[in-house]
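Before any comments, here is the structure.
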Amino acid sequence: MLAADFACLGEEIRAVTEAGADYIHLDVMDGHFVPNLSFGPDVIKAMRPHTKLPFDVHLMIGPVDPYIGDFVAAGADIITVHPEAGAHVHGTLQQIRKAGKKAGIALNPGTPVEALDNVLDLLDLVLVMTVNPGFGGQAFIDSQLAKISTTRERIEKRGLEIDLSVDGGIKPETARRAIDAGANVLVAGTAVFRGEEDSYAKNIARLRRP
Ligand code: ZN
């Protein structure tokens, strides 16, 4: 939603829902863990009645633990955290699962895939960042394709049902490469919210079949 028109978020959510989106991805930034501010739980709560799609909440905030409850209450279905955003990521994931929500880990371009090794059994989602977090509209970092493949291998080897999502610089060309590397969920902002509302369905279709 970072690329949506913030002056009419409800309308934008209804438009992407009708356009065929599978999830609503919400980037929460605190101006501390990442160098930008976006929105918090109150805005997410206000968006919640406008769609039945799952809210995929990506927390780029640190410390993260004190706020998990607020995002659960706001209507998050999946909560994704960065391992660098708290001292005990295993405990953070337990806290999310205990609240009955799906848990995810986001790997920054500089974060090694080994960060997943001891928490894979607590995950519903791995989010590979193909830009440094903090801003929408950045260019895809090619070196992360190898991390997508390695993550896919680790998931398959353990026989786990974990979604592998890619976030940052996704447009039709990079969508194809991310899917080929093993991704099954694509996060896109700028590539979806381009043109008028009646373009969104076409924009999403292009990402689905790049
Ligand atoms: Zn995100």
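Note that this is a predicted model, so its numbers are computed, not measured. Counting starts at 1 for both ligands and their atoms, following the listed order.
Remark: the Y200 side chain and the E12 side chain contain an N/O donor-acceptor pair separated by less than 3.5 Å.
No other N/O/S atom of D27 lies as close to the Zn ion (ligand 1) as OD1 does. Per residue D167, closest N, O or S atom to the Zn ion (ligand 1): atom name OD2. Summary: ND1 is the N/O/S atom of H58 found nearest to the Zn ion (ligand 1).
The main-chain N or O of R194 is found under 3.5 Å from a side-chain atom of N203 such that the two form a donor-acceptor pair.
The environment of NE2 in H90 is crowded: more than 12 heavy-atom neighbours from other residues, nucleotides or ligands sit within 6.0 Å.
Between L127 and H25 the shortest side-chain heavy-atom distance falls below 4.5 Å.
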